[in-house]
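The next block holds one structure in the form of structure tokens; read it before the comments.
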Amino acid sequence: MRYRPFGASGAAISTLTLSLGVDCLDRGVSAANDLIFTALEAGINSYRLETADPVLAEVVGQALVNVDRKLLNVSLELGAGDGRKGSARDFSAEGMTGAIDRCLHVSGLGWIDVALLEEPGEDELPQSSLNALKALRATERVRYLGVSGETEVMDAYVSTGAFDVLATPFHVNIDWRVRSRLRAAREQDMAILAYDYFPSALDTDKKAATVHQPKKGLFGFGSGPRGRAKDDPLAGAGTFAFLHRTPHWTAEAICLAHAMTDPAISSVLVRATEPERLNVLAAVPERDMPPGLSAQIEMARVAA
């Protein structure tokens, strides 16, 4: 595992963050503990609770109890409900403060490193809620405030200077608006967490081979990559087809490695419900991308 500074805090965070939802409890508490122990053995010191579900918080807290708390980075997703059926979005001061208090009480973690607001709308986050979170930060029950999302309203939240952390999608075909938002966040000394590093639009060879592919060639005739035979060496040129055709690499591993090459990103959020899958993902930070692969990614990205 490799580590990077977490924004301006000076703390070190693993380049992978294990994202934990209520689904990791489906196979029982023992299996959830095994998953977290596997993460610790792999050197992962960063964890995100996807909901404020108290059972999830208790299991995570018990699994991490023997680790020096100062060496861990634990984020809590707020505003999107507690993970239980029928729970509603809630960015009220009372709702978020109550969620944090419950998680701290049952988990024994002592504090939450990042209170991460799940894509609040333009009118969903009242000033009273922000003031309540700032009060929790002042008492160090919460160390940092963060905002997560991909809509344009994120630009406004970044520009306020009220947040310490930005969680954002980041992948090989990310929109230029997101790249601009990343630069703005770094100028604000915000730490950046990346998620959705392997979007569904690229998860199969067929999908990846049609990204940026023109429907028609020059003057409307069917020239260009679409007209090439499947066995043509240049079939899929200008697309992301190479993600599924690189020897000894899976498309997901390439996308994960690419996300970690951006120095602005402190950590990439990964999901796994079984130790075997987590071990595969945890091996990626130690691998060097094949020569020329970064250039292929950039050429495919600007092909449109």
Side-chain angles (χ1 to χ4, degrees), residues 1-7 11-20 24 34-48 67 71-73 75 167-174 178-179 182 186 191-209 211-212 233 236-303:
M1 187 56 57
R2 299 181 182 181
Y3 302 86
R4 290 181 176 176
F6 188 61
I13 185 174
S14 52
T15 51
L16 295 186
T17 292
L18 179 58
S19 187
L20 297 162
C24 77
D34 288 343
L35 179 66
I36 297 173
F37 294 154
T38 298
L40 290 171
E41 291 171 355
I44 295 175
N45 73 342
S46 180
Y47 301 86
R48 179 186 71 159
V67 183
L71 301 178
L72 298 170
N73 187 297
S75 304
T168 178
F170 187 88
H171 50 78
V172 295
N173 196 31
I174 201 67
V178 175
R179 293 181 178 274
L182 286 173
R186 291 303 299 152
I192 297 173
L193 302 175
Y195 64 89
D196 197 22
Y197 63 90
F198 189 44
S200 59
L202 299 172
D203 63 5
T204 67
D205 191 341
K206 183 177 181 180
K207 292 179 183 177
V211 174
H212 290 169
T239 72
F240 288 100
F242 65 89
L243 293 174
H244 296 269
R245 303 171 187 178
T246 302
H248 312 299
W249 282 79
T250 64
E252 183 179 14
I254 292 173
C255 290
L256 179 55
H258 171 73
M260 290 186 292
T261 60
D262 193 314
I265 293 174
S266 298
S267 188
V268 182
L269 276 64
V270 299
R271 294 196 87 259
T273 56
E274 298 180 356
E276 294 77 15
R277 169 169 164 76
L278 181 58
N279 279 327
V280 171
L281 296 174
V284 175
E286 293 297 330
R287 301 182 68 184
D288 294 323
M289 291 178 65
L293 202 57
S294 294
Q296 281 185 283
I297 291 173
E298 190 64 14
M299 286 189 291
R301 189 177 68 82
V302 302

>> Is it the case that the side chain of Tyr3 and the backbone of Gly43 share a donor-acceptor pair, with hydrogens and angles ignored and the cut-off at 3.5 Å?
In response: yes
> With no hydrogens and no angle check, is any side-chain donor or acceptor of Asn45 less than 3.5 Å from a backbone partner on Ala12?
Replying inline: yes
> Run the side-chain contact (heavy atoms from CB on, under 4.5 Å) check on Phe198 and Asp203 step by step: do they pass?
Replying inline: CA-CA 7 Å; Phe198 189 44; Asp203 63 5; 3.9 Å; yes
>> Are the side chains of Met260 and Leu16 in contact, using a 4.5 Å heavy-atom criterion?
In response: yes
> Who are the side-chain hydrogen bond (donor to acceptor under 3.5 Å, both in side chains) partners of Asp262, not counting sequence neighbours?
Replying inline: none
> If you measure from CZ on Arg277 to OG1 on Thr273, what distance do you get to the nearest 0.5 Å?
Replying inline: 8.0 Å
> Could you state the interatomic distance from SG (Cys255) to OH (Tyr197), rounded to the nearest 0.5 Å?
Replying inline: 8.5 Å
>> Donor-acceptor pair, distance only, cut-off 3.5 Å: does the side chain of Ser267 make one with the backbone of Leu193?
In response: no
> Looking at CZ of Phe240 and CD1 of Ile297, how far apart are the two atoms once the value is rounded to the nearest 0.5 Å?
Replying inline: 7.5 Å
> Atom CD1 in Ile174, atom CG in Asp196: separation rounded to 0.5 Å?
Replying inline: 7.5 Å
> Looking only at heavy atoms, what is the nearest atom pair of Pro5 and Ser266, with distance?
Replying inline: O-OG, 3.3 Å
>> Tell me if a side-chain donor or acceptor on Arg301 pairs with a main-chain N or O of Val172 at a distance below 3.5 Å.
In response: no
> Minimum heavy-atom separation for Ile192 to Arg186, with atom names?
Replying inline: CD1-CD, 3.5 Å
>> How close do Ala259 and Ile265 get, counting heavy atoms only, and between which atoms?
In response: O-CD1, 3.5 Å
> Where do Pro263 and Arg4 come nearest, in terms of heavy atoms and distance?
Replying inline: CA-NH1, 4.2 Å
> How far does CG of Leu281 sit from CZ of Arg271, to the nearest 0.5 angstrom?
Replying inline: 11.5 Å
Would you give me the side-chain donor-acceptor pairs under 3.5 Å for residues 284-295, sequence neighbours excluded?
unit_1	atom_1	unit_2	atom_2	d
Glu286	OE2	Met1	N	3.0
Arg287	NH2	His248	O	2.8

>> Quick check against the 3.5 Å criterion: does Asp205 have a side-chain atom that pairs as donor or acceptor with the backbone of His244?
In response: no
> Under 3.5 Å, side chain of Ser46 to main-chain N/O of Ile13, donor-acceptor pair present?
Replying inline: no
>> How long is the straight-line distance from OG1 of Thr17 back to OH of Tyr47, given to the nearest 0.5 Å?
In response: 9.5 Å
> With under 30° as parallel and over 60° as perpendicular, where do the rings of His258 and Phe170 fit, or are they tilted in between?
Replying inline: parallel
>> Does either side chain, that of Arg48 or that of Ser19, offer a donor lying less than 3.5 Å from an acceptor on the other one?
In response: yes
> Closest heavy-atom contact between Leu35 and Cys24?
Replying inline: CD2-CB, 4.3 Å
>> Show, in sequence, the C-alpha distance, side-chain angles and deciding distance for Val280 and Glu276, and conclude whether the side-chain contact (heavy atoms from CB on, under 4.5 Å) test is met.
In response: CA-CA 7 Å; Val280 171; Glu276 294 77 15; over 6 Å; no
